[in-house]
Amino acid sequence: MTYLWAFLIGGAICSIGQILIDKTMLTPARILVMYVVLGVILGSFGVYEKLIDFAGAGATVPLTGFGNVLAKGVKEAVDKDGIVGIFTGGLTASSGGICAAILFGYLGALFARSKEK
Amino acid sequence: MNMSKKQYKKYVKTKVTKSPLFKNMIKAYITGGIICTAGQLLNDSYLYFGFAEEQAGTLTSITLVFLSAFLTSIGIYDKIAKHAGAGTLVPITGFANAVVSPAIEFKDEGYVLGVAANIFKIAGPVITYGVIASVVSGLIYYALG
Amino acid sequence: MQTIILNNKPRLVSCASIAGKKENDGNMSEFFDAIILDGRYGKKSWEEAESEMQKDAAFMVLHKTENKPEDISFIFGGDLLNQCMGTSFGITKLNIPFFGIYGACSTFCEGLILASMCVDGGYGKKVMCTSSSHFCSSERQFRFPLEYGGQRAPAAQWTVTAAGAALVSDSGGDISITAVTPGKVIDLGISDASNMGAAMAPAAIDTIKTHFKDRGLKNNYFDMVVTGDLGKFGYSIAKEKLKEEGVDLSNRFYDCGAMIYKEEQDAHAGGSGCGCCASVFSGYIFDMLKQGKIDRVLLVATGALMSTTSAYQGNSIPSVAHAVSIERVRK
């Protein structure tokens, strides 16, 4: 059942992005920024966790989920470390994904060249 | 041509074919849905192999980033994305593609000023605004808590 | 008067074109002098490949006309890359005095105008003009990395991988540049970089209208009026508006960008770039002139003069169109 919800919710979040691509002049970078910030906002109100509870990866895999990780991380860090947590929480929680992107990006550049279309 | 900028813009709109929104949305829905379902499968597999919930989530992200980086490097991700649109843009794989593709493209300018300097050329704003938003949310949480 | 009549009738002696793989799969393949099947052309970067193409196009013209580099008075060349690096790095090997020019995709006609004026005025006996564009070098400068997963809008155009070169001389052959109309920069407020055809159409309309008016020509004077790279949509805008304003070109009106690719090649609205007009003219149109299938052509290359900086700063796209009238004259 989780798989069906992951497909349905994940697909829905993506197709909203398609409306933004086709109907507005927003560049992809702006759309991604909107998703992340929206994820942080929904995450800090605790709303996004509820979506994750039944949609699972359908909510965590889209970039709004990345925003939620940032918001959740900062909350936990503030609980643990107080004011310092405001600075450390977001990046600590999201470090896995960012580090992987940098590492695999670099490795990609080592082994691949851009290809003609 | 006797047309104001406004009139011309309006006229141009009537001449240009629009993107097939409905078709594009369906394609985005399906690809986005599949990527999320794959994420769910990965997540459940990591849980099955005994990882804690938090770790399984992080490992899922890392695996998806790796797969996207691999498909980007061999020149397939952009071919899927041409059809999938937001279906491959919005998931974390789209973020990874935005990091890996400039790294590969700017290899010609060297590993420091090319690869490293351009790696966040497209995805940098996502991290910048994500972090700033998290700091604001942390500040409010701290002040209220 | 905006149009300059060239009384000494400088001759367009020879042209050469070299194009990429996608262009070879398109409608114009049989007319190109050479094809590069590897986009890097054996070089280490896309930019160097573009330079090499432009150099080769220039050498092909020299070869065809049995000229040596030292026979050429000077060369007008340009491309889309920052500081015209595509041209200057290729032209180095020719050892010919060089003027770098930038008119975005209108560069080829800009070069033809300057070259023919120089010859007409007696400042040079043989003057060459070259221009080029490369899909891969343009993408990385103006848009996204090649491996980036983006979607193109229906009105987006595909930068042509090609180079063209032409030789203007005071004598030789019966094909002459009879009049030229340098265009004004026109901006009708289009800021969508994926709809450059619409941004450039007003400039093309203005230049074509001016050329007909200045010379007092009838609408059926030219066998072909060919715009550079308006693409499908820009072309239909220009055609419709020209008709409304009294210059009804009906089936004499063509666009290089709309002609170069086949529908199934997924190039959306068509080709663009300096190499588009340069290669289609040097290949197809010049061939038709030489074979006597047509006698009079008005070539109107169009250029969208935006930069990545101006686009980020939210400016609209100013455009220019330069017209060159090429006609058969008595020997």
Side-chain angles (χ1 to χ4, degrees), chain B residues 1-20 24 27-28 31 68-69 71-91 93-109 114 118-119 121-123, chain C residues 40 43-49 136-137 139-141 143-156 186-192 194-209 230-242 244-245 247 266 268-269 316:
Chain B
M1 228 161 65
N2 289 325
M3 263 180 151
S4 71
K5 288 187 177 182
K6 237 187 187 158
Q7 284 171 321
Y8 185 64
K9 258 186 196 165
K10 236 170 136 184
Y11 167 72
V12 166
K13 261 193 192 147
T14 64
K15 298 296 283 183
V16 173
T17 317
K18 286 175 190 69
S19 307
N24 284 349
K27 286 201 268 189
T31 16
S68 168
L71 291 176
T72 302
S73 299
I74 60 173
I76 291 187
Y77 199 86
D78 63 298
K79 293 200 173 69
I80 305 172
K82 197 173 90 177
H83 301 287
T88 45
L89 173 77
V90 171
T93 51
F95 172 77
N97 171 255
V99 175
V100 181
S101 59
I104 295 173
E105 181 66 65
F106 291 96
K107 190 181 176 177
D108 291 346
E109 280 77 10
N118 287 292
I119 200 163
K121 199 179 179 187
I122 305 169
Chain C
R40 275 204 174 79
K43 295 283 159 184
K44 65 180 202 303
S45 69
W46 305 120
E47 288 79 5
E48 282 184 27
C136 301
S137 63
E139 280 299 298
R140 76 204 299 266
Q141 180 178 312
R143 298 187 186 95
F144 290 108
L146 293 171
E147 258 61 51
Y148 181 69
Q151 245 175 350
R152 289 168 172 273
I186 289 178
D187 184 351
L188 269 188
I190 300 295
S191 54
D192 182 4
S194 59
N195 193 3
M196 293 193 297
M200 297 188 291
I205 294 163
D206 186 75
T207 302
I208 294 171
K209 240 177 64 186
L230 293 179
K232 248 187 345 207
F233 302 112
Y235 169 76
S236 71
I237 290 171
K239 192 170 184 176
E240 190 177 304
K241 287 282 149 195
L242 275 167
E244 271 177 38
E245 309 211 359
V247 187
D266 201 27
H268 295 232
S316 53

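- Contact annotation: the side chain of C/I237 approaches that of B/V12 to within less than 4.5 Å [non-hydrogen atoms, C-beta and beyond].
- The choice from B/K6, B/K18, B/K9, B/K121 that makes the most heavy-atom pairs within less than 4.5 Å of chain C is B/K9.
- Checking side-chain atoms of B/N97 against main-chain N and O of C/G149 turns up a donor-acceptor pair under 3.5 Å.
- Proximity to chain C is limited to the side chain of B/I122, based on heavy atoms less than 4.5 angstrom apart.
- In this structure, chain C has heavy atoms under 4.5 Å from both the backbone and the side chain of B/S19.
- Only the side chain of B/E109 has a heavy atom closer than 4.5 Å to any heavy atom of chain C.
- The contact between B/A84 and chain C is made entirely by backbone atoms, counting heavy-atom distances below 4.5 Å.
- Heavy atoms of C/D192 lying under 4.5 Å from chain B are absent altogether.
- Separating the CD atom in C/E147 from the CD1 atom in B/I76 is a distance of 10.5 Å, to the nearest 0.5 Å.
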Worksheet item: Between C/K232 and B/T17, does a side chain to side chain contact (heavy atoms under 4.5 Å, CB included) hold up when you go through it step by step?
Response: CA-CA 10 Å; C/K232 248 187 345 207; B/T17 317; 5.8 Å; no
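- For the pair C/K44/B/D108, no side-chain contact is recorded, criterion being any heavy-atom separation below 4.5 Å from C-beta on.
- Only the side chain of B/N24 comes within less than 4.5 Å of a heavy atom of chain C; its backbone N, CA, C and O stay farther away.
- C/E139 has its side chain out of reach of B/E105: every pair of non-hydrogen atoms, C-beta onward, lies at least 4.5 Å apart.
- With a 6.0 Å cutoff to the six-membered ring centre and a 45° limit on the axis angle, C/K241 counts as a cation-pi contact of B/Y11.
- Annotation for B/S101 and C/P145: closest pair O-CB, 3.5 Å, computed over non-hydrogen atoms.
- Atom NZ of B/K13 is separated from atom CG of C/N195 by 11.0 Å, given to the nearest 0.5 angstrom.
- At a 4.5 Å heavy-atom cutoff, the contact between C/K209 and chain B is made by side-chain atoms alone.
- When the heavy atoms of residues 199-208 of chain C are compared with those of chain B, the residues falling under 4.5 Å are C/A201, C/P202, C/I205, listed by number.
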